[in-house]
Every structure is written in structure tokens, then in C-alpha cells.
Amino acid sequence: MLLSTVDHLTTQIGELDRLITRTLEEIITPPGSTVARDGVAGVSARTLAEKLDAVPGIGPTTAQIILAEIGADMSRFPTPEHLVSWAKLCPRTIQSGAKNTSGPAGKGNPWLKGALGEAANAAARTDTFLNARYRRIVKRRGHAKALVAVARSILVIAWHRRHLDPARKTRDLVRQLQALGHQVALSPASA
């Protein structure tokens, strides 16, 4: 009887995975948003999830949760600080007269914070900048505050991933090489 229950639940999980994949294909960022510029057709949420999946600590499921909670259109968050503040991952300052103390970050979105907490815990065990940030903060502030700081960094990275413009990045890299004294000639790569 237990095995039939496991089989039934496995079938349901598979069906939900197919539904999520189909929904990600259907969700398109609106034209003119920060991801789809110059009136170009929008980008599918699956493409955004793949970009997020490249961040250390974020897996496919976590990327889907982040997209589900934040949404595909990032135009409502003009800066990464706005996004971090909305998610309640920024430190809070409590002022009373001339005295300033720090307080808890706040409740925010529990599903987003849970997913980012898991991603931060995984990223803290990688050989990346996020691990170095975790190790640097955990020495003086403790495990919990270090994880919140890494989760905040992951959310900032996610905001920047959504705003990547290949033409702008190419232009910036060409300028950097020219500043170093190199002559650059670009030709499109053959597929």
C-alpha cells in the first residue's frame, strides 16, 4: 500500500513538473521592460530561470521559486536595493534620539526568503565569492547573519542577471581591451 502511495505521489510530482515547465514557456516579459528592450519581444521565464541557475547555490527549483515570487518583469525594482528592501533582506536601522541600533531585517516574503536561505547555505559551501563573503562575515557576526548577507548578495546577483544586455557587455569589453592598448575587430561567431 505504501509503494502504491509513493508511485502515485511520483506521478503527481512529474505532472506538476511538466505544468511548471509549460507555464515557464508561456510567461514572457512584457516588451519594453528592463529585460526586453527597444520594443523587442519579451524573454521567456525559462530563459530567465536558466540565467539564474548559473548563479552558485541556485538550482533549477530555486530559480523557479525566485521567478514565481519576484515575477518576470523587473521594471518595478529600479535598483537592486529596491528589490532587496522589498524582500526584507536589508539591515534595519532603529533610531531613537541620537542612538542608532540595528534590528532584524523583517518578515518579507517567506517563500522567497526560504529559497534564498537554502541557496545561501549551498553557496556558502562553494569556492566562489559568496563563500568568501560568508566566511568573512561569519567570523564576526555569526552563522545566521552571514547567511542573510549571502542571500542578499544572491538577490542582487539575480537582479543584475536579469538586466544583462549582450550588446552593452560587448561594447564595455571592447572598451576595456582598447584601454589596455589592444586593437579589437569583432566578427559574428558561426553557429
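For the single chain, residues carry numbers from 1 onward in sequence order. Computed from a predicted model, the values in this text were never measured in an experiment.
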Return all side-chain donor-acceptor pairs below 3.5 angstrom for residues 54-61, not counting sequence neighbours, or 'none' if the list is empty.
none

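- To the nearest 0.5 Å, the span separating CG on Leu2 from CG on Asp7 amounts to 11.0 Å.
- Residues Ala123 and Thr128 come closest through the heavy atom pair O-OG1, 4.2 Å.
- The CG atom of Leu83 lies 4.0 Å from the CG atom of Leu155; values are rounded to the nearest 0.5 Å.
- Rounding to the nearest 0.5 angstrom, the gap separating the CG atom in Asp53 from the CG atom in Leu48 is 12.5 Å.
- Among residues two or more places apart in sequence or in another chain, the ring pair (Phe, Tyr, Trp, His ring centres under 6.0 Å) test is passed with Trp111 by none.
- Residues forming a side chain to side chain contact (heavy atoms under 4.5 Å, CB included) with Thr23 (at least two apart in sequence, or on another chain): Leu19, Ile27.
- Hydrophobic clustering, with ILVMFWY side chains joined whenever heavy atoms are under 4.5 angstrom apart, keeps Ile65 apart from Leu52.
- Taking the side chain to side chain donor-acceptor pair (under 3.5 Å) definition, one finds that Asp172 meets it with nothing, sequence neighbours left out.
- The distance from the CH2 atom of Trp159 to the CZ atom of Phe77 is 11.0 Å, given to the nearest 0.5 Å.
- With sequence neighbours left out, Thr101 forms a side chain to side chain contact (heavy atoms under 4.5 Å, CB included) with Ile94, Lys99.
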For residues 130-137, dump all side-chain donor-acceptor pairs below 3.5 Å to protein atoms at least two apart in sequence or in another chain.
from	atom 1	to	atom 2	distance (Å)
Asn131	OD1	Arg135	NE	2.5
Asn131	OD1	Arg135	NH2	3.0
Asn131	ND2	Ala124	O	2.3
Asn131	ND2	Thr126	O	3.3
Arg133	NE	Ser153	OG	2.8
Tyr134	OH	His143	ND1	2.6

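- For Glu50, the side chain to side chain donor-acceptor pair (under 3.5 Å) partners two or more places apart in sequence, or in a different chain, are Arg46.
- Shortest non-hydrogen contact noted between Ala63 and Ala49 is CB-O, 3.6 Å.
- Among residues two or more places apart in sequence or in another chain, the ring pair (Phe, Tyr, Trp, His ring centres under 6.0 Å) test is passed with His82 by none.
- By the side chain to side chain donor-acceptor pair (under 3.5 Å) test, Arg140 pairs with no residue at all, sequence neighbours left out.
- Partners of Gln12 by side chain to side chain contact (heavy atoms under 4.5 Å, CB included), not counting sequence neighbours, listed by chain and number: His8, Leu9.
- Under the side chain to side chain donor-acceptor pair (under 3.5 Å) criterion, Asp17 pairs with no residue, sequence neighbours left out.
- Salt-bridge annotation for Arg18 and Glu15: present, with a side-chain N of the basic residue lying under 4.0 Å from a carboxylate O of the acidic one.
- Gln95 meets the side chain to side chain contact (heavy atoms under 4.5 Å, CB included) test with Thr93, Asn100; sequence neighbours excluded.
- Note: Asn109 CG to Leu89 CG = 10.0 Å, rounded to the nearest 0.5 Å.
- Across all non-hydrogen atoms, the minimal contact from Ala120 to Ala151 is CB-N, 3.7 Å.
- Among all heavy-atom pairs drawn from Lys113 and Lys88, the shortest one is NZ-O, 3.4 Å.
- More than 12 heavy atoms of other residues, nucleotides or ligands shown are found within 6.0 angstrom of CD on Glu69.
- From Arg152, atom CZ reaches atom CG of Leu147 across 15.0 Å, with rounding to the nearest 0.5 Å.
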